[in-house]
Amino acid sequence: LCIQRFVTGRRHNVVFAAQAGRVVGAVEFRAVRTDRVDHTGYSTVVRSVRPTPSIQAASEVLLARLEYTGIGMLQFMLDEKTGEPSFLELNPRLGGTSGAAEACGLPICRLMLDLGLGRPVTTIVEPWRYPVGRKVVWTRGDLAGLAAEGFRGALTPAAALSWSVAALRDVFNPHHLTFDPRDLGPTVLSFVHPVLARLGLGADLFIDRSTRGALEKAGSSPVIRPRLGAREATPGRTARLAPVGAA
């Protein structure tokens, strides 16, 4: 049983890359809006903030003690009254806010590959330096959260109107988590996949011919087919996993 002191405040995410416990690059974000009216749930709007000294110090100590190599995301709650951080978790993976780190100039995907493959990593002179105040939005998650909270009766009419206006205004924000006009595939898939999942289908609609051939040689076909549920999987049969949507 894990019990944690109740903290009133907003969640702060630190997207980072580290090598042998040394921070290579990091960006701190504050959750401006989430898909739940009580500010829990997934972040749908984040804004880069100046590194909070206590959060920066805690992050560096933790990563140094772990001798951490790789990318990840640290999460803290920051008490609104005292400014004291409360540690939530360390996610040793790419999270939804990773796209926001890229928007702030931290090449987190390239660093993930370089660190994972043991390649030389370019040293960033000031690893905690980045544009402050950069807002990044996740429109699909924002609208889905608005609809879900409305259906469960968690929103007053005034709150629903305020959220709707904010979400529609943020459509025109220049930085999005899952939308890039140069590469529309992931955005299209994020809308198509929930429909396929409801139909019991899983597919990768944007796989190129060479990758498709490699998968078929390995005995795995990307062709759309009904997924096997956990109870249907039997020895000798593999349950297909559908692509994971954006977080």
Side-chain angles (χ1 to χ4, degrees), residues 7 9-35 39 41-80 83-116 119-139 141-142 170 173-180 182-183 186 246-247:
V7 178
R10 295 296 181 93
R11 187 167 62 235
H12 282 235
N13 296 340
V14 176
V15 180
F16 68 88
Q19 186 173 41
R22 177 180 60 88
V23 176
V24 175
V27 184
E28 181 179 338
F29 296 96
R30 181 176 184 266
V32 176
R33 192 162 64 245
T34 73
D35 61 356
H39 297 296
Y42 295 115
S43 298
T44 58
V45 180
V46 297
R47 191 185 300 275
S48 61
V49 297
R50 295 186 185 280
T52 306
S54 53
I55 289 180
Q56 180 179 346
S59 300
E60 290 178 343
V61 168
L62 180 58
L63 296 175
R65 290 289 183 90
L66 292 173
E67 298 182 355
Y68 195 104
T69 293
I71 55 89
M73 183 174 68
L74 285 156
Q75 291 189 319
F76 298 85
M77 288 288 289
L78 193 65
D79 192 296
E80 293 176 337
E84 180 184 0
S86 179
F87 174 71
L88 293 178
E89 61 186 25
L90 190 162
N91 294 301
R93 57 175 174 79
L94 285 175
T97 318
S98 302
E102 293 275 355
C104 286
L106 180 64
I108 196 71
C109 293
R110 191 196 73 202
L111 288 169
M112 176 184 68
L113 292 173
D114 288 345
L115 290 166
R119 296 172 179 167
V121 175
T122 303
T123 302
I124 300 176
V125 178
E126 298 182 60
W128 289 85
R129 185 175 183 178
Y130 48 83
V132 173
R134 181 154 295 177
K135 183 168 74 171
V136 187
V137 303
W138 177 34
T139 299
D142 210 13
D170 285 338
N173 186 74
H175 303 290
H176 290 258
L177 285 180
T178 59
F179 172 74
D180 187 335
R182 299 166 301 176
D183 183 10

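- Counting only residues at least two apart or in different chains, salt bridge (Lys or Arg N to Asp or Glu O under 4.0 Å) contacts with residues 100-110 comprise R110-D114.
- With contacts defined as side-chain heavy-atom distances shorter than 4.5 Å, the pair W138/V46 does not qualify.
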For L66 and L90: C-alpha separation, side-chain torsions, deciding distance, then whether side-chain contact (heavy atoms from CB on, under 4.5 Å) applies. CA-CA 11 Å; L66 292 173; L90 190 162; 4.0 Å; yes

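- Side-chain contact between L111 and L106 is present, with heavy atoms from C-beta onward closer than 4.5 Å.
- V7 and S86 make their closest contact through CG2-CB, 3.9 Å (heavy atoms, listed as atom of the first residue, atom of the second, distance).
- In this structure, CD1 on I108 lies 6.5 Å from CG on L94, to the nearest 0.5 angstrom.
- Side-chain atoms of N173 come within 3.5 Å of backbone N or O of H175 as a donor-acceptor pair.
- Remark: side-chain polar atoms of R11 are not paired, donor with acceptor, to backbone N or O of Y42 under 3.5 angstrom.
- Closest heavy-atom contact between P51 and Q56: CB-OE1, 3.5 Å.
- Nearest approach of C104 to Y130, heavy atoms of both residues: O-CB, 4.0 Å.
- Note that OG of S43 and CG of L177 are 9.0 Å apart. Values are rounded to the nearest 0.5 Å.
- Atom CD1 of I55 is separated from atom CG of N13 by 9.5 Å, given to the nearest 0.5 angstrom.
- Among pairs with a residue in residues 24-34, those fulfilling side-chain hydrogen bond (donor to acceptor under 3.5 Å, both in side chains) read H12-E28, E28-T52, R33-D142, R33-D170, at least two apart in sequence or across chains.
- The two residues D35 and G141 have their closest heavy-atom pair at CB-O, 3.9 Å.
- Residues passing the salt bridge (charged side-chain N to carboxylate O under 4.0 Å, His left out) test with E126 are R129, sequence neighbours excluded.
- Every residue two or more places apart in sequence or in another chain that forms a side chain to side chain donor-acceptor pair (under 3.5 Å) with R10 is listed here: H39.
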Under 3.5 Å, which donor-acceptor pairs do the side chains of residues 14-21 form with other protein atoms, sequence neighbours left out?
none

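- Counting only residues at least two apart or on different chains, no salt bridge (Lys or Arg N to Asp or Glu O under 4.0 Å) pair has a member in residues 50-75.
- A donor-acceptor contact shorter than 3.5 Å is absent between the side chain of S54 and the backbone of P85.
- Nearest heavy-atom pair across V136 and A103 is CG2-CB, 4.1 Å.
- Taking both residues in full, the closest heavy atoms of F76 and S59 are given as CE1-OG, 3.6 Å, listed atom of the first, atom of the second, then distance.
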